[in-house]
Every structure is written in structure tokens, then in C-alpha cells.
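Here's the structure, in C-alpha cells; my notes come after.
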Amino acid sequence: MMNRRIWKNSNRSRSRIKKGEDKLSNLPDELIHRILSFVDAKTAVQTSVLAHRWKHIWISLPFLNFHNSSFDHDFLFQDFVLNFLANRDSDSKIDVLKFECTGDELEENGAPTVDSVVDYVASKDIQNLTIVADYVLESLPRLFASRTLTVLNLSNISTETSIFEFVSLQKLYLVDCKFEIRDVEILDPFRGCPKLSFLLFHSCQFYGKFDTFKIHAPQLTELSISCLRVDDEFDYECVIELFTPKLRYFSYDDPFNLYAFSIQAKLHFLEKLVIDVDSSEVLNAMDNTEGNTLSVKFIELFEAMGSAKFVYLSPDIVKVLSSFPALFMGRLSPFTRVQTFKFIVDVSSSFPLPTNVMAYLLGGSPGFTRYRRQGSYTAKQSG
């Protein structure tokens, strides 16, 4: 009797497994691909044991996510990536590929892995590519042949490529990247991206001699610049030149200073302006020449971006301006249609608000009531 029960239970278990496998096998490819897009490539391969039809589903995945965190050694990760690409269905499309090798530098014997990934996707109709690796990426120009790449995210890479030429690129993220630039008077790295609408670069370093950093992007609507460095330091003589007539959002963040900006096209569509500059060193030293120069930079930038509706500034900006009132006295208020004005501060922060500076900043936006709340200064349209 006992053996019959065991046999019966065993049959039921097999039946449940069979039914479960049948359900998995009956899922459409699009749904399976969608499910596997949330896991890394190693896990996607391991799911091949779940059901018979899943055995080879990984070779046609359109979403590829390679990350070294699930491997004990980088060389194992590199071997896996190369074998994965070699055994993948060459006729299957790739919509999104993410390659992340964080931590130690890539092993010398596996260094070609990143270039192999670039070579592989260069011949595919890829749309979204992310590469995060402490690596000298010499093969970047090979991607220029892509007519479908619309989103590119590069982090921690080094390259001698100084000009991006992507005919279809719409979004570009550059984080902690290093660029070796030949000596040129004007650096214009994005002129080869006619469809670029979003650009972010954070903590990027450009090594070389140039006087002007030009951002020529007629379709650009969002621009974020933070911690830009030339030869490992803040270059006071460098001018950032903007030709971005469709710009709607501009953010600048630096713990040290502000670059001089030259605006080559009116920014009629600008809605949000965020300027976060820590000028504590300038304020503490308050050398008349340096403080004066910084105040002029703020004033000129505000006047060029006066159409912004939502303005967010760091308190140090007001502190610097208040030390040089002669520079803005008699000038028209730069902002003419402000709807929201806030300082970028902690809730508990507290600081004086000079009446003359606030009148200069907001006097051109009539019909506003101004009030201070929770350490921030806010302006909202009344009525």
C-alpha cells in the first residue's frame, strides 16, 4: 500500500512538473524575452533548464545585460561574454546591450572583451548601448557606422576619440570618462550628432589645449554639466559655447567654480534652470578680482537664460552677488517669467537674503509673492 502511495504521489509530482513546464513552454517568445530582460545574461542562460523550449531561447535575446558581479574572477566573466556572443544567433536583433565590469581594471589577457562587444554590436541594429569599464576604448569610432543607435551611455572609459559622429543618436550619457584631445583652439565634440536631444556629462576630464568647448546641438532640449575638468583641474580660461536654440532644461553643478558661457542662439524655450556652485573658497578668500569675475559670469549666464520659468540656485550665488552690488545695480532683472524660484539647500539651512540681490533676480517677474519656507526661498505667481 505504501509503495502504491509513493508511486501515486510521484506520478502526481511529475504531472505537476509537466504541466508547469508546458505552461512555460507555451509562453510567447516576446513575453519570455521581456521576462529575461530583467536579469543578467548569466541568469538568462541558466533559465534554459526551466522548460524544453527555453533551452535555446537565450541565443535570441534582444536585451543583453553583462555584469561581472555574478562572477568570482574577471577572466571568467570575460570568457563568458566572448562565448555568449560567439554562440548567439547572429540573425537575432539586439535592442539593448549593457556591459558593466566594475571594480578592478580588466585583466590584460581579457582586455579585448570590450572591443569585442563594440565590434559585435557595430554590425547590429542596436538602439541602446551601455559600457561601464575602466578601460581604454580604442574601438569607439567603429560604432559610428551604426544607423540605429539612439542611446549611448559610457562610464569610466578612456579614449582618444574627440568627436562623436552618430547620425541617429538622441541621448548621450558620459560619466567619469577621460578624453585625450589633440591641441585645438575649439573643441566641438558633438557636431556629428545632428539628432542629439539629451546630453549629460559628469566628472569628465579632457586632456589637451583648447580655448573653447563648443556644444553645437540644434536639437538639444536637455543639458547637464557637472564637474567638467581640463587637464585634471578647473580651467578658468576655457569658455563653454552653446548653440542649443531648442534647449528647455539646463543644469550646471560644480563644487568649485563656474565656467564662462557664450550663448550663440537665443534660448526662447528654456523652462528649467539649475545652477549649483559651491563658491566657499572664493567667498573665504574673496579676492576682489576673482570674486568680481565670478559675479560677472553669474550675471551674464542669467541674462542669457532669463526665459526660465523654474529657477533653482545655490545660496553661494546670492552671497557672491551681494559682495559686488555695483555689478548688477541699474541692470534689468534677468528673469522675466519666473513661476518657481528656489534655493538648493537642506531643509534646516538658514542664510540671509539681501533685498537688493533678490530684487535684481526677481524684479522682472511681476505678479509674484515671495516667501521663505523651510530653509528655501520660493517665488510663486500670485492670482
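As the structure is a computational prediction, the values presented were derived from the model and not from experiment. For the numbers below, each heavy atom of this structure counts, side chains included, while hydrogens, waters and symmetry mates do not.
- In terms of heavy atoms, Cys193 sits closest to Glu165 at SG-N, 4.4 Å.
- Using a distance-only test at 3.5 Å, with no hydrogens or angles considered, a donor-acceptor pair links the side chain of Arg88 to the main chain of Ser92.
- Taking a 6.0 Å sphere around CD of Glu222, one finds it holds more than 12 heavy atoms contributed by other residues, nucleotides or ligands.
- One hydrophobic cluster holds both Met329 and Leu327 under the rule that ILVMFWY side chains link at heavy-atom gaps under 4.5 Å.
- By the 30° and 60° cut-offs, the orientation of the rings of Phe144 relative to Phe166 is perpendicular.
- Within a 6.0 Å radius of NZ in Lys195, no more than 12 heavy atoms belonging to other residues, nucleotides or ligands are found.
- Using a distance-only test at 3.5 Å, with no hydrogens or angles considered, no donor-acceptor pair links the side chain of His73 to the main chain of Phe75.
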Under the criterion side-chain contact (heavy atoms from CB on, under 4.5 Å), I'd like the reasoning laid out for Leu129 against Leu143: C-alpha separation, chi angles, the key distance, then a yes or no.
CA-CA 10 Å; Leu129 175 63; Leu143 288 173; 3.6 Å; yes
Quick one, Thr244 with Phe250, criterion side-chain contact (heavy atoms from CB on, under 4.5 Å). Give me CA distance, side-chain angles, the key distance, then yes/no.
CA-CA 10 Å; Thr244 54; Phe250 176 75; over 6 Å; no
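- Side chains of Tyr259 and Asp254: a donor-acceptor N/O pair is absent below 3.5 angstrom, by distance only.
- Ring-centre distance between Phe84 and Phe77: not below the 6.0 Å cut-off.
- Using a distance-only test at 3.5 Å, with no hydrogens or angles considered, no donor-acceptor pair links the side chain of Tyr360 to the main chain of Thr355.
- In this structure a side-chain-to-backbone donor-acceptor pair under 3.5 Å is present from Arg337 to Ser307.
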Val81 vs Val117, test: side-chain contact (heavy atoms from CB on, under 4.5 Å). Steps then yes/no.
CA-CA 8 Å; Val81 173; Val117 170; 3.9 Å; yes
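- Relative to the six-membered ring of Phe71, Lys42 meets both conditions, a distance below 6.0 Å and an angle of at most 45° to the axis.
- Taken from OG1 in Thr113 to CD in Gln78, the straight-line distance is 4.0 Å, to the nearest 0.5 Å.
- In this structure, the ring of Phe261 has its center less than 6.0 angstrom from the ring center of Tyr252.
- Taken together through direct or relayed side-chain contacts under 4.5 Å among Ile, Leu, Val, Met, Phe, Trp and Tyr, Ile186 and Phe210 form parts of separate hydrophobic clusters.
- Looking at heavy atoms from C-beta onward, Leu223 lies in side-chain contact with Ile215 at the 4.5 angstrom threshold.
- With hydrogens and angles disregarded, no donor-acceptor distance shorter than 3.5 Å links the side chain of Arg191 to the backbone of Phe164.
- The side-chain heavy atoms of Leu187 and Thr212, taken from C-beta on, include no pair separated by under 4.5 Å.
- Checking side-chain atoms of Ser197 against main-chain N and O of Thr221 turns up no donor-acceptor pair under 3.5 Å.
- Residue Leu97 is not grouped with residue Val132 when hydrophobic side chains (ILVMFWY) are merged at heavy-atom distances under 4.5 angstrom, including chains of intermediate members.
- When side chains are defined from C-beta on, Leu301 counts as touching Leu258, because their heavy atoms get closer than 4.5 Å.
- Shown here for Leu321 and Phe328, the closest heavy-atom pair between the two residues is O-CE2, 3.2 Å.
- Side-chain polar atoms of Ser226 and His202 form a donor-acceptor pair below 3.5 angstrom.
- In this structure, a donor-acceptor pair under 3.5 Å is present between the side chains of Asp40 and Ser70.
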Audit row: Arg331, Glu303, salt bridge (charged side-chain N to carboxylate O under 4.0 Å, His left out) steps and yes/no
CA-CA 10 Å; Arg331 285 179 176 264; Glu303 291 180 350; 2.7 Å; yes
Could you go through Asn128 and Ile126, starting from their C-alpha distance and side-chain angles, then the distance that decides it, and tell me whether this counts as side-chain contact (heavy atoms from CB on, under 4.5 Å)?
CA-CA 6 Å; Asn128 188 319; Ile126 189 169; 5.7 Å; no
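- Leu220 CG to Phe198 CZ: the interatomic distance, rounded to the nearest 0.5 Å, is 9.0 Å.
- Geometric assessment of Lys214 against the ring of Phe243 yields a negative cation-pi assignment under the 6.0 Å and 45° thresholds.
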Run the ring pair (Phe, Tyr, Trp, His ring centres under 6.0 Å) check on Phe179 and Tyr207 step by step: do they pass?
CA-CA 6 Å; Phe179 299 88; Tyr207 296 93; 9.5 Å; no
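- Looking only at side-chain heavy atoms (C-beta outward), Asn153 and Leu174 stay at 4.5 Å or farther from each other.
- Rounding to the nearest 0.5 Å gives a distance of 10.5 Å between CD of Glu271 and CG of Leu247.
- Rounding to the nearest 0.5 Å places OG of Ser251 at 8.0 Å from CG of Asp276.
- Looking at Asp231, its side chain does come within 3.5 Å of a backbone N or O of Gly208 through a donor-acceptor pair.
- Ser295 approaches Val320 most closely through the heavy-atom pair OG-CG1, 3.1 Å.
- The shortest distance between side-chain heavy atoms of Phe80 and Leu85 does not fall below 4.5 Å.
- With contacts defined as side-chain heavy-atom distances shorter than 4.5 Å, the pair Ile157/Cys177 qualifies.
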Do Tyr312 and Phe341 pass the ring pair (Phe, Tyr, Trp, His ring centres under 6.0 Å) test, and can you show the C-alpha distance, the side-chain angles, and the key distance before you say yes or no?
CA-CA 6 Å; Tyr312 299 79; Phe341 184 96; 8.5 Å; no
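- Of the charged side-chain nitrogens involved, at least one lies within less than 4.0 Å of a carboxylate oxygen, so that Asp95 and Lys93 count as a salt-bridged pair.
- Shown here is Leu332, whose CG atom has no more than 12 heavy atoms of other residues, nucleotides or ligands within 6.0 Å.
- Scanning all heavy atoms of the two residues, the minimum distance from Val239 to Ser262 falls at CG1-CB, 3.9 Å.
- Distance check, rounded to the nearest 0.5 Å: CG of Leu273 to CZ of Arg248 gives 14.5 Å.
- In the hydrophobic clustering of this structure, Leu149 does not group with Val167; members are Ile, Leu, Val, Met, Phe, Trp, Tyr whose side-chain heavy atoms approach within less than 4.5 Å, directly or through other members.
- Around atom CZ of Arg142, more than 12 heavy atoms belonging to other residues, nucleotides or ligands sit under 6.0 Å away.
- Looking at heavy atoms from C-beta onward, Asp253 lies out of side-chain contact with Val277 at the 4.5 angstrom threshold.
- Residue Val136 is not grouped with residue Val114 when hydrophobic side chains (ILVMFWY) are merged at heavy-atom distances under 4.5 angstrom, including chains of intermediate members.
- Residues Pro255 and Cys227 share a closest heavy-atom pair of CD-SG, 3.6 Å.
- A salt bridge does not link Asp235 to Lys209: none of the charged side-chain nitrogens sits closer than 4.0 Å to a carboxylate oxygen.
- Going from atom CG of Leu61 over to atom CD1 of Ile32 covers 9.5 Å, rounded to the nearest 0.5 Å.
- Closest approach of Pro354 to Val318, counting heavy atoms only: CD-CG1, 3.5 Å.
- At a threshold of 4.5 Å between non-hydrogen side-chain atoms, the residues Phe335 and Leu361 count as touching.
- Judged purely by atom type and a 3.5 angstrom limit, Thr150 uses its side chain to pair as donor or acceptor with the backbone of Gln127.
- Annotation: cation-pi pair Lys171/Tyr173 absent, no NZ/CZ under 6.0 Å from the ring centroid and within 45° of its normal.
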